[in-house]
Structure formats: structure tokens, C-alpha cells
Amino acid sequence: MSLKIYNTLTRKKEDFETLEPGRVRMYVCGPTVYANAHVGHAMSALVFDILRRYLEYRGYEVRHVMNFTDVDDKIIARANQSGEDPFQLAERYIQQYERNLADLNVLPATVNPRATREIEHIQKIIQELIAKGYAYPTADGDVYFRVRKDEDYGKLSRRSFDDVRGGTRVEVDEAKEDPLDFALWKSAKPGEPSWDSPWGKGRPGWHIECSAMSLHHLGEQIDIHGGGNDLIFPHHENEIAQSESLTGKPFVRYWVHNGMLQLGGEKMSKSLGNLVTIDDFLKDHEANVLRLMVLNSGYRSPLTFNDEVVEQTERALERLRSGLRPCLPGAGGAAEAAVQTLQQQAERTREDFIAAMDDDFNTAGALAALFELVRAINQTRDSGATDDQLRPAQDLLLELSGVLGLQLEQQDKGSAQADPFINLLVSVRSELRRQKLWAISDQIRDRLAELGVVIEDSREGSTWRWE
RNA sequence: GGCGACGUGGCCAAGUGGUAAGGCAAGGGUCUGCAAAACCCUGAUCACGGGUUCAAAUCCCGUCGUCGCCUCCA
């Protein structure tokens with residue numbers, strides 16, 4: 001079995017072969033930091049975190065680069081509005097984004113380059129592109145990429161020159177040779193952040209920074225380049241144009257794009273203003289819920305986000321966790337045959353899990369395998385299995401859910417110091433139940449429930465857990 | 001207007017040629033003082049219309065609908 005990845009460039013699933021055996025060079029487009037990150041950003045981060053974790057599970061060493069765009073029009077506009085220094089503003093949102101990712105249990109990238117720290121590299125590339133005739137400066141101090149010179153421009157988004165031009169709604173800058181040309185370097189207006197350059201004071205265009213950082217941190221050719229599918233055109237198309245015109249080599253082997261998170265049937269985006277920030281979401285829900293939502297559907301498809309789905313996902317998470325519960329009170333051991341059946345299911349689960357993930361990261365299929373394992377564990381527990389008998393299957397559940405980045409083990413919601421007292425209460429209540437004092441037993445159960453402690457009774461005794 | 005994606009049971013959602021995974025909800029049952037949990041059982045022919053094929057949710061054409069991109073966007 002080999003891993004297959006859907007490549008946006010070819011619109012097909014392809015066998016995954018890296019440039020260098022055992023190593024993956026992956027670049028993922030990060031956010032422009034001018035506002036709070038929303039759950040749509042989280043989706044993208046989670047998708048590529050899951051990709052990365054699985055690649056590592058499969059034995060690859062992954063060099064993962066995610067950039068921050070920390071200088072651009074919107075940052076400047078925002079800073080001007082509030083009177084804050086644009087660099088300070090960007091720094092603030094970068095720190096917040098990094099905190100968000102940590103809260104979401106997203107592994108830190110190997111490198112987080114920032115546009116403002118790569119100016120030299122960017123300028124060098126622009127100069128080379130000019131020297132090769134792929135770019136030209138204007139009298140105003142801007143530099144544009146000469147799109148017409150790149151014969152296969154449009155191959156990623158499958159657009160012809162005419163398609164692009166036909167739909168162009170941008171005001172045509174008279175200084176451009178062609179309306180299709182895009183900026184590599186933007187001259188600075190008074191008061192804007194700027195750097196000296198051969199073309200005068202200015203700052204880099206959006207697309208060139210990714211080409212430059214990818215080249216700088218990963219080399220001329222990389223294995224995976226990722227981002228939201230809203231970046232396919234023009235951003236990634238332009239990156240290809242810049243990078244391949246510069247090096248003459250294929251830039252990226254596999255273009256991977258995630259679908260958009262949908263809120264009320266629309267893409268969640270800063271410009272539409274219909275966003276739920278990551279901070280808002282995490283106030284009411286644990287990070288695993290969002291991750292499980294992402295896992296439950298294909299990463300390339302739109303993801304439905306609404307209260308109903310969030311609630312369904314919370315229950316599904318509970319169900320996964322039910323597989324980790326200890327044996328029943330008074331468990332006398334399951335029959336050998338039952339334990340063997342569980343063992344067989346565990347083996348099948350691992351196979352199914354890998355087969356699903358190998359098929360273009362079919363996380364929904366992988367999850368199905370996990371749910372089947374949960375059912376098998378619960379069946380075996382019901383048949384009287386001891387903790388020792390359940391443990392191997394439970395360990396597998398933890399291992400595989402961990403590959404997906406899920407944290408099933410409950411961090412103690414209550415304080416561990418309370419445990420002895422709860423144990424005492426529960427055992428006293430058990431005595432009350434033996435005396436058939438139902439009213440007071442139920443009262444204890446209800447009151448503890450209000451405090452987040454769930455008591456479950458059975459013939460053999462009672463168990464409790466934090467909700 | 002151009003380019004692209006999608007439309008699977010009440011909801012979310014896998015599956016892309018051989019008679020439909022999984023989760024949530026619902027109904028029935030086991031267990032149980034009650035409750036909860038767990039377990040068992042029950043349900044879809046895959047937007048619509050044509051076509052290709054021994055065989056299609058899965059390929060082709062058309063219609064309708066939804067969404068994305070074409071402007072900043074994960």
C-alpha cells in the first residue's frame with residue numbers, strides 16, 4: 001500500500017513520492033495578521049496538522065514551513081485606523097495566532113518565516129526576475145511580473161489568459177504593460193512602512209513573499225504546498241509563475257487545498273464579517289470538537305459549521321471516549337473467545353485506519369474504523385472483561401486517535417484532590433441504596449451531577465466520572 | 001459573463017463501475033428501584049431527465065439547485 005494524495009495541479013490522486021526519500025518539504029500559506037483568527041483559519045491549520053501527523057506516523061521526516069504575512073495593505077489600513085504601529089499590530093496578532101494554534105493542539109511548524117524578515121531575499125528574486133525579462137519596474141517605483149511571458153500561466157487554476165482578462169474587475173493601472181500583470185514590489189506612500197530598494201522605497205507584493213520564503217527555507221523544489229482553495233487563483237498561480245520563471249524547475253510536486261468552512265451556507269471570511277473567532281469557539285467548546293468536525297468530512301470539501309453540527313460532534317467525541325472507560329465494577333473476566341474477537345477487531349482497525357488515510361487522507365473513513373473499535377471494546381467490557389483484557393485495544397484507540405491529533409484522555413476537569421471525597425460520597429450512597437433509600441440516593445446523584453460528576457449505577461455497583 | 005467544485009436516510013458525512021462506512025437524532029428491546037451509560041434491532045438506491053455498459057450513486061450529456069474563484073481572503 002502506498003500513500004495517495006490528490007493534486008490540484010493534475011486534478012487526480014497520485015502516488016506520493018518525495019523529492020528526497022523519507023523527507024517531506026511542506027509549505028503552507030499562513031494568515032495575514034491584521035485581525036483575530038477565525039475557525040476557518042483553524043480548519044486549514046487543522047487539515048495540514050493532520051496531514052503532517054500522518055506523514056510522520058508513516059515514517060517521514062517533515063520540514064513544515066508556515067509563513068506570516070506581516071506587512072500588507074490591510075495591516076497598514078488597520079494600523080492607521082487605530083493609530084497603532086503596523087509592526088506592533090502584526091506582532092500582536094502573530095502571538096495570538098500562535099497561541100490559538102497551541103490551544104488547538106496544532107504542532108508548531110518547523111519554521112515560521114515572516115515577510116518583513118525576508119526583504120533581502122525577496123529583493124534578490126525580484127532583481128533576478130527583472131534580469132531574466134520576467135519583470136519590469138515602472139517610473140512610479142513599482143515592479144510588475146510580466147504574466148504574458150510565462151507561457152503556461154494558468155495551469156493550476158485552469159484559466160487561459162482570456163479567461164482571466166475577461167473577468168478582470170480591477171481597475172487597470174496605466175503603468176502596467178498588461179492588465180494581467182501583478183505587483184512584485186509596491187512603492188510606498190508617505191508614512192507607510194517601507195524598505196530601500198533599487199526601485200525606491202517600498203514593500204513586497206503579496207505573492208512574491210511566499211515564493212521567496214519557500215525558496216529560502218525549503219529550496220527550489222518542494223513536495224507539498226498547501227492552503228485554502230480560495231488561494232488557488234491568483235495567489236498560488238502567481239507563486240508558480242514567479243518560482244518557475246526564476247528557477248526553470250517545477251516548483252511543487254503536490255498542490256493540496258482544503259475546502260472552505262461554511263457558516264450559514266457562506267464561506268466564513270474577514271470581508272463578509274460573518275466570523276466566529278477561534279477564541280470565541282474555545283470559550284464554549286474544547287479544541288477536540290473542532291478537530292473532530294474537520295476529521296469527519298473530506299478535507300477538500302466544504303465543511304458545514306453550525307450549532308447543530310457542533311453539538312452532534314460533541315456527542316461523537318463522548319462516544320469515542322466511552323471506549324476508554326474502565327471495566328465494569330465486579331468484572332470477573334471475559335471469555336477467551338471474546339478477548340480474541342476484540343484482538344481481531346483491533347488488528348482490522350489498524351489496517352482500515354491506514355488504508356483510509358493512505359487514500360488521500362480519508363479521515364472520515366479512518367474515524368469510522370475507530371468507532372468500530374470503540375463498539376468492540378464496549379461489547380467486550382459488557383461481557384465482563386477486566387482492565388487488563390481491554391487495555392491493548394484501548395491503547396490502540398489512543399494511539400490512532402493521537403495520530404489524528406485528538407486528545408481523548410480527559411484532562412481532569414475537577415481537582416484530583418476532590419476524588420477521595422467523591423469516592424467516599426459514592427460509597428456511602430451505595431450503602432443507602434442497599435437500604436433502598438432511593439430518595440436520598442437520587443438526591444446525591446442529582447447534586448453531584450450539578451457539580452459535573454456523573455454517577456452510573458449497575459447491579460454490581462456504581463461508577464462515577466467527571467462529565 | 002468566464003473557470004471550478006458539489007448535490008448520498010431527519011442532520012453531519014464516507015464511498016467514484018458490481019447491488020450504499022461511520023457519527024448524531026428517532027423508534028423498539030436487553031439491563032435497571034428510577035435515571036444514565038453500554039449493548040442488540042429498525043430505516044436511504046444516492047437532485048432530476050436522458051445515454052454508455054452484462055452491471056452506475058460511481059462514466060457521458062442536459063436541466064435545476066448550492067458553493068468557491070475571477071478583488072483582500074485558510
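Remember, it's a predicted structure, so these values are computed and weren't measured experimentally. All values below come from the heavy atoms of this structure, side chains included, with hydrogens, waters and symmetry mates left out.
- Residue-level contact check: A:S157 touches the backbone only, with heavy atoms under 4.0 Å from sugar-phosphate atoms and none from bases.
- The side chain of A:E456 sits closest to B:rA36 out of B:rG15, B:rA36, B:rG68.
- Atom C1' of B:rA56 sits at a distance of 28 Å from the matching atom of B:rC3, rounded to the whole Å.
- For the atom pair CG of A:D280 and NE2 of A:H285, the computed distance is 10.0 Å after rounding to the nearest 0.5 Å.
- When the side-chain nitrogen and oxygen atoms of A:R158 are compared with OP1 and OP2 of B:rG4, none of them lie within a distance under 4.0 Å.
- Distance check on atom P: B:rU52 versus B:rU71 gives 43 Å, rounded to whole Å.
- Residue-level contact check: A:N296 touches the bases, meaning some heavy atom is under 4.0 Å from a base atom.
- Here the rule is salt bridge (charged side-chain N to carboxylate O under 4.0 Å, His left out) with A:K186, and of A:D140, A:D73, A:D142 only A:D73 fits it.
- Rounded to an integer number of Å, the gap from A:Q379 CD to B:rA37 P is 18 Å.
- Using a 4.0 Å heavy-atom distance criterion, A:L231 is classed as a sugar-phosphate-only contact.
- Residue order along RNA chain B, read from the 5' end via each residue's closest nucleotide, puts A:R429 first among A:R429 and A:H235.
- For A:Q312, counting side-chain heavy atoms from C-beta on, the closest listed nucleotide (B:rG23, B:rA74, B:rA38) is B:rG23.
- Taking atom C1' in both B:rA38 and B:rU32, one finds a spacing of 12 Å when rounded to whole Å.
- Defined by atom type and a distance below 3.5 Å, a donor-acceptor pair is present between the side-chain atoms of A:D360 and A:Y299.
- With C1' as the reference atom, B:rA13 and B:rC54 are 32 Å apart, rounded to whole Å.
- Taking the six-membered ring where tryptophan is involved, the planes of A:W255 and A:H257 are essentially parallel, since the angle between them stays under 30° and well short of 60°.
- Residue contacts for A:G154: at a heavy-atom cut-off of 4.0 Å it reaches no nucleic acid atom on any strand shown.
- Of the two residues near RNA chain B, A:R300 and A:S458, the one whose nearest nucleotide lies more 5' is A:R300.
- Separating the C1' atom of B:rA44 from that of B:rG10 is a span of 11 Å, rounded to the nearest Å.
- Counting to the nearest Å, the C1' atom of B:rC70 and the NE2 atom of A:H207 are 13 Å from each other.
- Going from the P atom of B:rG50 to that of B:rU19 covers 25 Å, rounded to whole Å.
- Across all strands shown, A:T313 has no heavy atoms under 4.0 Å from either base or sugar-phosphate atoms.
- If you measure from atom CG of A:D72 to atom P of B:rU71, you get 17 Å, rounded to the nearest angstrom.
- Base pairing of B:rU45 is not made with any nucleotide, judged by Watson-Crick or G-U wobble geometry with both donor-acceptor distances under 3.5 Å.
- Ranking B:rA74, B:rA21, B:rC39 by closeness to the A:S44 side chain, first place goes to B:rA74.
- When heavy atoms are screened at a 4.0 angstrom cut-off, A:L328 is found touching no nucleic acid atom at all.
- Checked against B:rG23, B:rA13, B:rU16, the side chain of A:R319 finds its nearest nucleotide in B:rG23.
- Nucleotide B:rG33 is matched to nothing when pairs are restricted to Watson-Crick or G-U wobble geometry with both distances under 3.5 angstrom.
- Looking at heavy-atom distances under 4.0 Å, A:R159 makes contact with a base.
- For the 3.5 Å distance criterion, the side chains of A:N288 and A:R291 fail to qualify, holding no donor opposite an acceptor.
- The nearest whole Å value for the distance from the CG atom in A:D360 to the P atom in B:rA14 is 12 Å.
- Across all strands shown, A:A316 has heavy atoms under 4.0 Å from sugar-phosphate atoms exclusively, and none from any base.
- For B:rG7, neither phosphate oxygen OP1 nor OP2 lies less than 4.0 angstrom from any side-chain nitrogen or oxygen of A:S301.
- As judged by a 4.0 angstrom heavy-atom cut-off over every strand, A:G226 is placed among residues making no nucleic acid contact.
- Nucleotide B:rC24 forms a Watson-Crick or G-U wobble pair with B:rG10, both donor-acceptor distances falling under 3.5 Å.
- Rounded to an integer number of Å, the gap from A:M260 CE to B:rC72 C1' is 13 Å.
- When both distances must be under 3.5 Å, the Watson-Crick or G-U wobble mate of B:rC3 is B:rG68.
- Going from atom CG of A:N258 over to atom C1' of B:rC6 covers 16 Å, rounded to whole Å.
- Counting non-hydrogen atoms under 4.0 angstrom, A:E308 reaches the backbone sugars and phosphates but no base.
- Distance check on atom C1': B:rA74 versus B:rG49 gives 38 Å, rounded to whole Å.
- A:E372 comes within contact range of the sugar-phosphate backbone alone, with a heavy-atom separation under 4.0 Å but no base atom that close.
- Between A:H207 and A:F182, the angle of the ring planes goes over 60°, which puts this pair in the perpendicular group of the 30/60° scheme.
- Relative orientation of the A:Y153 and A:F233 rings is perpendicular, given thresholds of 30° and 60° on the angle between their planes.
- A:S2 and A:D358 share no side-chain donor-acceptor pair at under 3.5 Å.
- No side-chain heavy atom of A:L406 sits less than 4.5 Å from a side-chain heavy atom of A:N105.
- Among the atoms of the strands shown, only primed sugar atoms or phosphate atoms (P, OP1, OP2) are found under 4.0 Å from some heavy atom of A:N378.
- Between A:E209 and A:R203, none of the side-chain N atoms (NZ, or NE/NH1/NH2) sits under 4.0 Å from a carboxylate O, so this pair counts as no salt bridge.
- The distance from atom CG of A:N229 to atom C1' of B:rA5 is 8 Å, rounded to the nearest whole Å.
- With B:rC24, B:rA36, B:rC39 as the choices, the nucleotide that has an atom nearest any side-chain atom of A:R375 turns out to be B:rC39.
- No hydrogens or angles considered: nothing links the side chains of A:T341 and A:Q345 as a donor-acceptor pair under 3.5 Å.
- The side chain of A:A364 lies closest to B:rA14 when the candidates are B:rC70, B:rA14, B:rA74.
- Taking side-chain N and O atoms only, A:R381 has no distance below 4.0 Å to OP1 or OP2 of B:rC39.
- Scanning residues 430-448 of chain A for heavy-atom distances under 4.0 Å to RNA chain B yields A:R433, A:W438, A:D442, A:R445.
- In this structure, A:L320 places its CG atom 20 Å from P of B:rC12, rounding to the nearest Å.
- As rounded to the nearest Å, B:rC48 and B:rC64 have C1' atoms that lie 7 Å from one another.
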